[in-house]
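Model, not experiment: these values are computed from the prediction. A, B, ... follow the sequence lines: proteins, then strands. Residue 1 opens every chain. No hydrogens, no waters, no symmetry mates; every other heavy atom, side chains included, goes into these values.
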Amino acid sequence: MTARTDALLEGLNPPQRQAVQCVEGPLLIVAGPGSGKTRVITHRIAYLNQQVGISPWRIAAVTFTNRAAREMRGRLAVLMGDGAQRLTAGTFHALCASVLRRDGEAIGIPRDYVIMDDDDQMNLIKQCMEQLQLDPKRFPPRSVLSAISRAKSQLLGPEAVAARADGPYDRLIAQVFAAYQAALGRSHGVDFDDLLSRTVELFRRAPEVLGRWQERFIHFMVDEFQDTNTAQYEIARLFAGKHRNLAVVGDPDQSIYSWRNADIRNILSFKKDYPDATIVSLSQNYRSTRTILQAAQHVIRANSQRIEQELFTENGDGAPIRIADTYSEEEEAQQVIREAQRLISEEGVQLRDCVVTYRVNAQSRALEEACLRYGVPYKIVGGVRFYQRREVKDLIAYLRLIENPFDEVSLTRVINVPARGIGKRTVDELLELANLRGIPPYTVLQMLADDPEYPTPFDARQRRQLTGFLSLLNGLSSLKPEMELPQLVDEVLEQSGLRSAIRDSDDPDAEDRLENLREMRGLSAEFAGAPAEESLPAFLERVALVSDQDSLQDDEEQYLTLITLHQIKGLEYPVVFITGMEEGVLPHMRSIDDPEQLEEERRIAYVGMTRARDRLYLFRSLRRRMFGSFGASRRSRFLKDIPLDLIEAGERGQRHGNGAMGSMERGPSLIGADDGALPQSPPFKAGEKVMHPVFGLGIVVDCSPRPGDYELTVAFPGNQGVKRILHSYGKLERVQRS
DNA sequence: GGTTTAGATGTTTTT
DNA sequence: CATCTAAACC
């Protein structure tokens, strides 16, 4: 064994070594959280390169997000230098996009195809349903879309859906499905599911293409295997069909994407399809304290559909888990921030070591406000994504039209943006005409312009506007070969009037929106150096597939990360705050009465808990602003599964408490807090002035007893109104009468 | 055809 | 409660 190899294997435990050194045949790695799975993958790639002499170019590593791929490349660069750049690393979607770009013509996918996002999908579905005269009230387009999407990820076409139809609803779905696929075809569009299913189709129908790709990748690896769907499983199987070196890594307990048709059974299928597979189980956790790991284990063990995997750690016990009840969402956010600040000032923690994670994006709002109030720098991961913003989508639509004028979705999106006198009626008539003649709307426009006698329902004014739009489009397209992408973007913004329309509008966000457009232009600058003709498709693909625009970089910057529990998968932080540990939030209301979905919610909680290295905080708010209703929420059932001895002493009593609430913070950091002792006599009288850390000065209106506590009704000035606050909450401070 | 307003409506997670 | 939609107005 060479010295380099020794270095590679050093510090790995026996199962990790086995996984790294297993260089032939199928391999299934069942890896618990924090078991060094990423390390095993990167070391395995380096090992294949250094020990077996396989070029990274002949290895594919499929990850779940582009961010994970980038991180993998970074780690590999440390292990093996620049060679790592040649590794094919990315998502299934990105890999398939490049396969289709290269070879898709074999099954009739045009070279200028554009990738449709979920918004585009929804628009097309609605349009199809309108044509089929289906009432969107009776058949919500969302559920129609999700049925179609499910069929696609199971590799079923419209015919297959029709054939298996069980009842009129299924037949209807099949009908919309067929119309939708036809519309996609007309638009030269490919949606996210198509990227996968059409790649399978390509491989099945064009054996010579399949053969080439099978030859190319000697090794094929899939991370987060528990979150693959049927189509992805099939793609992996096809890619690895020749060399049979398929390595998959997954943890059934961390499967949280079944709603995207991920299928945990793929792990079982793998064992069946590859009976000769080496199976390695990584069960030592290097990440978390023993306390955190045990708590997480207790939570996940309550799932019934599960293969028990005993995890262990040699790490120390660490700090107990802290569970905090707060009264409102604002209090919750405030306490998270204050505790983070306390850790920073007293425990030597850095801000970037902390993360706040939650079930739904909407929860980030209160946290964001608290950050602003306390001057804590923060970054929200995901949320309203950059590429989803209106002005950005408009610009992309123009660019897509330049690349592919047949794109109906983009055409209808921007034909009247900015307003240029082409109203809904005109657009409807245009679409109907196109439909009638069986030609794309763009071609109709073209004929309209070429032949003044072309019979249409349009009057002279409409005609003028339509042909005006057409010449704008054609003018921009003609610039494509002679310009670089950033210049082309400028031309689009100028000639279309997008920029001036925003500048001249009285929209208060106008400046933000212009900034977004500038950012897009900046992004396009990465693709400079070649005529737009060549760089535009790459740019559009990037924009469609890479969502983590604001990437989590390992820079020196100090900020607090706010992120959903779904997106935090695969990451780790010394300090983790999970907010919204309530029935209805986690587990989410929509999952609560379905046992299977409930198990997934539990896995989501498990994923969140196991992100923590040293400290784990679980927050719960009694009341939460959720679509109007303010009902008191109950503590998440998942909290009950954490053994008492792992929880900070102060919080234990509340576990099965009688509704009394206490404050998590009892230290000096809490303004006006006493030690939380329950009041024996009314603490305040009506008419007294009090100070609240958030709402400011207020007047007590009422003070009435509650079991073990007092509820205060306090009026605050301005539009803050009257609040009810529990006294044990300790936030109110008496103001001396002057 | 465009703009403003009131009203309804529908609420998870993302490549 | 915030965002989208439809209808009334310009």
Asks: Taking only residues two or more places apart in sequence, or in another chain, which ones meet P418(A) in a side-chain contact (heavy atoms from CB on, under 4.5 Å)?
Replies: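 Y398(A), R420(A), L498(A), A501(A).
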
Asks: List the steps and the verdict of side chain to side chain donor-acceptor pair (under 3.5 Å) for T228(A) and N266(A).
Replies: CA-CA 7 Å; T228(A) 52; N266(A) 279 346; 3.0 Å; yes

Asks: Could you state the atom-to-atom distance from CG of D118(A) to P of dT13(B) in whole Å?
Replies: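 Value for this atom pair: 12 Å.
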
Asks: What does the 5'-to-3' dot-bracket notation of DNA chain B look like when only Watson-Crick and G-U wobble pairs under 3.5 Å count, and pairs to other strands show as |?
Replies: ||||||||||.....

Asks: dT13(B) base stacked by H566(A)? Criteria: ring centres under 5.5 Å, plane angle under 30°.
Replies: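 H566(A) vs dT13(B): stacking no.
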
Asks: Should F64(A) be counted as stacked on dT15(B), where stacking needs a ring-centre gap under 5.5 Å and an angle between planes under 30 degrees?
Replies: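 No, the aromatic ring of F64(A) does not stack with the base.
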
Asks: May I have the distance from R602(A) (atom CZ) to dT12(B) (atom P), rounded to whole angstrom?
Replies: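 About 22 Å, once rounded to whole Å.
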
Asks: Who passes side-chain contact (heavy atoms from CB on, under 4.5 Å) against R503(A), sequence neighbours left out?
Replies: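 For R503(A), the residues satisfying side-chain contact (heavy atoms from CB on, under 4.5 Å) (neighbours in sequence not counted) are R499(A), S500(A), L514(A).
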
Asks: Are F239(A) and F203(A) near enough that their ring centres are under 6.0 Å apart?
Replies: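 Yes, close enough.
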
Asks: To the nearest angstrom, how far is E329(A) atom CD from dC1(C) atom C1'?
Replies: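 It is 12 Å, rounded to the nearest whole Å.
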
Asks: I'd like to know whether the aromatic ring centres of F92(A) and F64(A) sit less than 6.0 Å apart in this structure.
Replies: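 Ring-ring flag for F92(A)/F64(A): false, centres at least 6.0 Å apart.
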
Asks: Please confirm whether any donor atom in the side chain of H93(A) sits under 3.5 Å from an acceptor in the base of dT15(B), or the reverse.
Replies: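 Such a pair is found, so the answer is yes.
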
Asks: Write down the distance between CE (M589(A)) and P (dT12(B)), rounded to a whole number of angstrom.
Replies: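 Answer to the nearest Å: 9 Å.
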
Asks: Which atom pairs link the protein and nucleotides 5-8 of chain C when you take only N or O atoms and keep those under 3.5 Å?
Replies:
none

Asks: Please evaluate residues Q363(A) and E329(A) with respect to the criterion side chain to side chain donor-acceptor pair (under 3.5 Å), reporting the C-alpha separation (whole Å), side-chain torsions for both, the decisive distance (0.1 Å), and the verdict.
Replies: CA-CA 8 Å; Q363(A) 288 175 259; E329(A) 214 173 6; 6.0 Å; no

Asks: Would you call R603(A) and D251(A) a side-chain contact if the rule is heavy atoms closer than 4.5 Å?
Replies: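 R603(A) does not reach D251(A) side chain to side chain.
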
Asks: Considering just the side-chain nitrogens and oxygens of N361(A), establish if one lies under 4.0 Å of OP1 or OP2 belonging to dT11(B).
Replies: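 For N361(A), the contact criterion (side-chain N or O under 4.0 Å from OP1 or OP2 of dT11(B)) is not met.
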
Asks: Can you tell me how far apart CD1 (I264(A)) and CZ (R306(A)) are? Round to the nearest 0.5 Å.
Replies: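 Between atom CD1 of I264(A) and atom CZ of R306(A) there are 11.0 Å.
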
Asks: Pick base, sugar-phosphate or nothing for Y257(A), based on heavy-atom distances below 4.0 Å to the nucleic acid.
Replies: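 Sugar-phosphate, backbone atoms only, no base.
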
Asks: Please check the phosphate of dT12(B) (OP1 and OP2 only) for any side-chain N or O of T564(A) closer than 4.0 Å.
Replies: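 Answer is no, no contact under 4.0 Å.
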
Asks: Quantified in whole Å, what is the P atom distance between nucleotide dT5(C) and nucleotide dT12(B)?
Replies: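 Pairwise P distance, dT5(C) against dT12(B), rounds to 16 Å.
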
Asks: Once side-chain contact (heavy atoms from CB on, under 4.5 Å) is applied, do any residues pair with S364(A), and if so which ones, sequence neighbours excluded?
Replies: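 Expected list: Y358(A), I380(A).
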
Asks: Report which part of the nucleic acid R142(A) touches: base, sugar-phosphate, or nothing (heavy-atom distance under 4.0 Å, all strands).
Replies: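 Sugar-phosphate only.
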
Asks: Can you label the angle between the F217(A) ring and the F220(A) ring as parallel, tilted or perpendicular, going by 30° and 60°?
Replies: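 The rings of F217(A) and F220(A) stand perpendicular, inter-plane angle above 60°.
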
Asks: Distances for protein N/O vs nucleotides 1-4 of chain B N/O pairs under 3.5 angstrom?
Replies:
from	atom 1	to	atom 2	distance (Å)
dG1(B)	OP1	T426(A)	OG1	2.8
dG1(B)	OP1	Q462(A)	NE2	3.1
dG2(B)	OP1	G421(A)	N	2.7

Asks: Rounded to whole Å, please give me the gap between CD in Q121(A) and C1' in dT14(B).
Replies: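 Taking atom C1' of dT14(B) as the reference, CD of Q121(A) is at 12 Å.
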
Asks: Rounding to a whole Å, what distance do you find between I235(A):CD1 and dT15(B):C1'?
Replies: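 For the pair I235(A) CD1 and dT15(B) C1', the rounded distance is 12 Å.
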
Asks: Between atom CG in N229(A) and atom C1' in dT14(B), what is the gap in whole Å?
Replies: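 One finds 13 Å between C1' of dT14(B) and CG of N229(A), rounded.
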
Asks: Give a yes-or-no answer on whether the side chains of Y606(A) and Q254(A) include a donor-acceptor pair shorter than 3.5 Å.
Replies: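 The answer is no; no qualifying pair exists.
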
Asks: Pick from R624(A), R623(A), R634(A): which one makes a salt bridge (Lys or Arg N to Asp or Glu O under 4.0 Å) with E582(A)?
Replies: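 Only match with E582(A) under salt bridge (Lys or Arg N to Asp or Glu O under 4.0 Å): R624(A).
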
Asks: For L598(A) and dT13(B), give me the distance from atom CG to atom C1', rounded to whole Å.
Replies: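 Going from CG in L598(A) over to C1' in dT13(B) covers 15 Å.
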
Asks: Output yes when at least one side-chain N/O atom of Q567(A) is less than 4.0 Å from OP1 or OP2 of dT14(B), else no.
Replies: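 Yes.
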
